[in-house]
Amino acid sequence: MRLTITESQTRTIAFLVALIILVIGGIAGYIIGGLLLLLSIEVALLVAIFLLRPILKPRLGHFKTRLATLVIFGEIASSIFRGESWIVLLLNFGVQQIGLPPIQPTEPHHQILLLTITGAVLIVLTWLFERRQILTPVTTIIAEEDEPFQEPDYKILRNRFCKFMYSYLDRIDEETNWSDNDYTSLEAEIEMTRQHGKSSIVIADLIKAIRKDQKSQSFLLIGDPGSGKSVSLRRLARELYEEVPKQGSRAVVPVYINLKEWTGPQKPTDEDISNYVYHHLLRISGRAGQGFLKNYYEKMQSNGLFFFMFDSFDEMPMILDFDDRSDQLKQIAIAFDTFFKDLHKCRGILSSRPFRQPIGFRGHRLTIRPFHEKQIRDAMKNWLLGEGLDADQIVRRLLIERPHLAPALRNPFMSDLIAHYVIHYRDKLPSSHYDLFNHYINKRFDEDTSTLEELKLTKENVIDAAIEIAKNIYNTPDSGLEISTLILKNTINDPQIEDKIKAMQYSRIARWGGTSMERFSFVHRRFAEFFAVCALLKNPAMIDRDAIPSDSRWRDSFVVYCGIAPDKEVSQLTEYAWKIIQENAQRLVTGNVQEARPAIHCLRFLRDA
């Protein structure tokens with residue numbers, strides 16, 4: 001029968017062994033040289049035990065660093081006892097400046113002091129160095145599989161790929177950076193769940209959350225639209241790309257994939273996900289990545305040398321019209337779970353908004369927290385800088401005079417729109433979400449009049465085209481929030497459609513790119529929702545009330561629509577929602593949640609609208 005030892009038992013054994021070593025070392029030192037030698041030995045042993053801890057409690061990538069530090073500590077300790085240490089000279093220079101007597105390296109008491117200071121400084125420096133690493137290098141690769149990663153070409157091709165992917169992220173940010181404001185300093189806090197019934201903990205940002213948990217195979221990042229999921233993921237990816245060249249041949253390479261660009265099967269398996277990632281990377285990386293991916297992708301995947309970062313699960317084309325508890329959604333979520341848990345050793349993260357989140361995905365849950373009061377005020381002060389406006393007063397007025405907009409203040413995206421609005425109107429506050437978007441869109445095109453004139457367009461022309469495109473996106477099944485420009489040209493009878501898309505792109509309202517220049521998307525899903533609302537205002541007959549109980553892609557637009565539509569239209573929607581709720585009242589009372597899903601969606605709609 002094979003004996004197995006758990007991690008907690010290993011820690012206990014390690015503690016007992018360390019304690020025995022300290023006791024024996026102390027006794028031997030006291031017998032041989034008295035109290036001073038005992039103290040010297042104990043200090044040296046404590047430093048050595050800390051630095052060699054990865055042997056007893058593995059921490060990937062730390063052992064080499066600590067072994068090198070231990071060698072340095074031994075050399076310094078040896079020179080201290082010989083009285084030849086540069087540390088003595090340095091410390092004596094310092095103590096003499098403040099009028100203290102110099103340290104005598106031949107004095108036993110001073111030797112113990114020097115040994116203690118040196119050990120403490122090296123421990124702190126080692127700890128700080130290790131804390132900088134977000135992902136530690138892989139150490140579990142068996143010898144015969146490690147050979148490809150020792151090839152000279154591997155590091156060259158890998159670093160070239162990383163450099164390209166870093167620039168690719170810059171390009172995405174440039175294409176999707178709808179605002180001139182900087183979000184970097186305002187990154188939202190992360191709430192990390194803990195096991196065994198322990199309460200959640202709040203961590204400063206996503207990078208610190210990933211650094212803190214080196215064990216979880218996968219993470220699930222949850223946040224509302226506009227909360228900063230994509231910004232946080234791309235910032236994490238950049239930090240990881242910068243780490244790769246410093247960590248040798250076993251460094252973990254990040255891969256960022258936005259799932260709204262998904263072009264794979266409608267019902268993907270774990271293998272389909274793997275194939276999609278490979279072919280997607282081949283498409284976007286070109287020559288910089290093809291040699292690297294063709295030679296090393298499968299080997300790296302099987303040995304855990306990728307960190308996959310999947311953004312926008314809820315915006316996958318086939319997900320948009322699924323009920324958030326549907327079997328189809330669960331099957332796709334399980335495919336991603338299997339991709340991480342069973343297919344290979346790679347770790348990674350999957351992000352989604354709360355609605356249509358991947359039920360069945362077992363990743364360690366990380367939730368982006370809404371802005372708290374200090375962050376709201378800091379964001380406003382940052383965005384109103386130099387405008388002569390009192391940020392605290394504006395926040396106070398919004399909370400008192402526009403309580404229905406208070407949740408918008410806690411969302412970075414919406415809070416930025418509010419800042420744009422009050423900068424323009426000064427004392428006037430917005431009445432609804434629609435006011436925020438309408439003002440911002442018109443302001444953008446007004447600022448870019450010269451570009452519109454060059455393209456022989458008017459602001460109204462471009463806004464009408466954006467409304468038509470949004471209508472197509474929402475009415476085209478399985479298209480997702482990114483749509484082929486070929487479909488747009490075939491469905492919108494407008495010879496100037498390309499010029500109008502160029503105008504939207506220039507004004508940073510839309511993105512014409514993705515993996516190729518043949519894909520169109522609005523830079524943020526909230527803009528798509530706004531233009532869809534405009535389509536409803538122009539033609540209320542378009543409203544399909546069944547989108548509320550079915551929780552389809554039109555549902556969020558209906559929420560915004562209710563804030564500005566005529567009372568008669570709003571009443572018809574609310575009465576329809578109540579009718580569905582009443583029809584399912586008995587199912588709700590008896591707890592038959594699955595069959596009462598339409599009523600639950602209606603209740604949620606009424607709450608949000």
Side-chain angles (χ1 to χ4, degrees), residues 168 170-181 258 260-261 284 413 416-417 419-421 423-425 430 433-476 479-542 553 557 560-561 564:
Y168 171 70
D170 286 342
R171 193 162 70 249
I172 292 177
D173 279 348
E174 186 177 350
E175 292 174 355
T176 59
N177 181 23
W178 63 276
S179 171
D180 295 317
N181 290 325
N258 195 319
K260 77 175 183 180
E261 299 177 10
I284 65 173
F413 176 86
D416 195 355
L417 286 180
H420 280 281
Y421 190 94
I423 287 171
H424 181 81
Y425 288 106
H433 288 120
Y434 180 86
D435 285 351
L436 294 173
F437 286 100
N438 191 49
H439 162 260
Y440 181 79
I441 297 295
N442 280 276
K443 172 176 169 287
R444 266 299 183 196
F445 289 126
D446 286 339
E447 291 171 347
D448 298 330
T449 302
S450 58
T451 302
L452 295 178
E453 289 174 351
E454 286 177 17
L455 294 169
K456 298 180 180 179
L457 297 170
T458 65
K459 176 179 72 174
E460 290 73 22
N461 293 154
V462 181
I463 290 176
D464 285 343
I467 292 171
E468 283 300 310
I469 291 172
K471 189 165 67 174
N472 270 272
I473 287 174
Y474 277 78
N475 284 333
T476 304
S479 70
L481 297 179
E482 187 175 274
I483 192 168
S484 164
T485 51
L486 182 62
I487 293 177
L488 293 179
K489 291 174 186 176
N490 289 335
T491 54
I492 299 176
N493 186 21
D494 186 348
Q496 285 188 295
I497 189 64
E498 283 198 16
D499 287 338
K500 291 174 182 177
I501 289 174
K502 287 177 184 176
M504 294 178 219
Q505 183 184 23
Y506 183 83
S507 296
R508 290 189 284 185
I509 300 299
R511 180 189 180 206
W512 190 14
T515 55
S516 71
M517 289 301 290
E518 297 304 318
R519 306 290 295 177
F520 173 94
S521 64
F522 291 101
V523 294
H524 200 282
R525 72 177 294 154
R526 291 303 194 199
F527 288 141
E529 291 168 4
F530 167 76
F531 286 116
V533 168
C534 292
L536 296 176
L537 288 173
K538 288 179 69 174
N539 183 14
M542 283 178 54
R553 66 180 71 191
S557 296
V560 180
Y561 175 78
I564 42 91

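If you're wondering where the values come from, they're calculated on a predicted model, not measured in any experiment.
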*I would like to know whether Phe445 and Ile441 meet side chain to side chain contact (heavy atoms under 4.5 Å, CB included); could you show each step before the answer?*
CA-CA 7 Å; Phe445 289 126; Ile441 297 295; 3.7 Å; yes

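- For the atom pair NE2 (His433) and CG (Leu417), the distance works out to 9.0 Å, reported to the nearest 0.5 Å.
- Between Ser557 and Val533, the closest heavy-atom pair is O-CG2, 3.2 Å.
- With Ser507 contributing its side chain and Ile509 its backbone, the two residues share no donor-acceptor pair below 3.5 Å.
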*Give the intermediate values and the outcome of side chain to side chain contact (heavy atoms under 4.5 Å, CB included) for residues Ile469 and Ile497.*
CA-CA 10 Å; Ile469 291 172; Ile497 189 64; 4.2 Å; yes

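- The NE2 atom of His420 sits 5.0 Å away from atom OH of Tyr440, with the distance rounded to the nearest 0.5 Å.
- Ion pairing between a basic and an acidic side chain is recognised when a charged N comes within 4.0 Å of a carboxylate O; Glu529 and Arg526 show such pairing.
- Rounding to the nearest 0.5 angstrom, the gap separating the CZ atom in Arg508 from the CZ atom in Arg444 is 4.5 Å.
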*Would you please test Leu455 and Val462 for side chain to side chain contact (heavy atoms under 4.5 Å, CB included) and show each step?*
CA-CA 11 Å; Leu455 294 169; Val462 181; over 6 Å; no

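- Relative orientation of the Tyr421 and Tyr425 rings is tilted, given thresholds of 30° and 60° on the angle between their planes.
- Atom CD1 of Ile564 and atom CG of Leu537 lie 4.0 Å apart (nearest 0.5 Å).
- When all heavy atoms of Ser521 and Leu481 are compared, the closest pair comes out as CB-O, 3.5 Å.
- Ion pairing between a basic and an acidic side chain is recognised when a charged N comes within 4.0 Å of a carboxylate O; Asp464 and Lys538 show such pairing.
- Rounded to the nearest 0.5 Å, atoms CD1 (Ile467) and NZ (Lys471) are 9.0 Å apart.
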*side chain to side chain contact (heavy atoms under 4.5 Å, CB included) between Arg171 and Glu175: does it pass, once the steps are laid out?*
CA-CA 6 Å; Arg171 193 162 70 249; Glu175 292 174 355; 3.8 Å; yes

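- Note that NZ of Lys260 and CZ of Arg525 are 9.5 Å apart. Values are rounded to the nearest 0.5 Å.
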*Can Lys502 and Glu498 be said to form a salt bridge (Lys or Arg N to Asp or Glu O under 4.0 Å), step by step?*
CA-CA 6 Å; Lys502 287 177 184 176; Glu498 283 198 16; 5.0 Å; no

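- Side chains of Arg511 and Ile172 form a contact here, defined as non-hydrogen atoms less than 4.5 Å apart.
- Taking each heavy atom of Ile487 and Ile483 in turn, the nearest pair found is CG2-CD1, 4.0 Å.
- A distance-only check finds no donor-acceptor pair linking the side chain of Asn539 to the backbone of Ala535 [under 3.5 Å].
- When atom types are taken as modelled, the side chain of Arg519 and the backbone of Glu482 share a donor-acceptor pair closer than 3.5 angstrom.
- A tilted orientation is assigned to the rings of Phe530 and Tyr434, their planes being inclined by 30° to 60°.
- For Asp494 against Lys500, the heavy-atom pair with the smallest separation is OD2-NZ, 2.5 Å.
- The one candidate from Phe437, Tyr474, Phe522 that meets the side-chain contact (heavy atoms from CB on, under 4.5 Å) condition with Phe531 is Phe522.
- Within 6.0 Å of the CG atom in Asn493, the count of heavy atoms belonging to other residues, nucleotides or ligands does not exceed 12.
- Without hydrogens or angle criteria, Thr476 side chain to Ile473 main chain gives no donor-acceptor distance under 3.5 Å.
- Between Phe413 and Phe527, the ring planes lie perpendicular to each other; the angle is over 60°, past the 30° to 60° tilted range.
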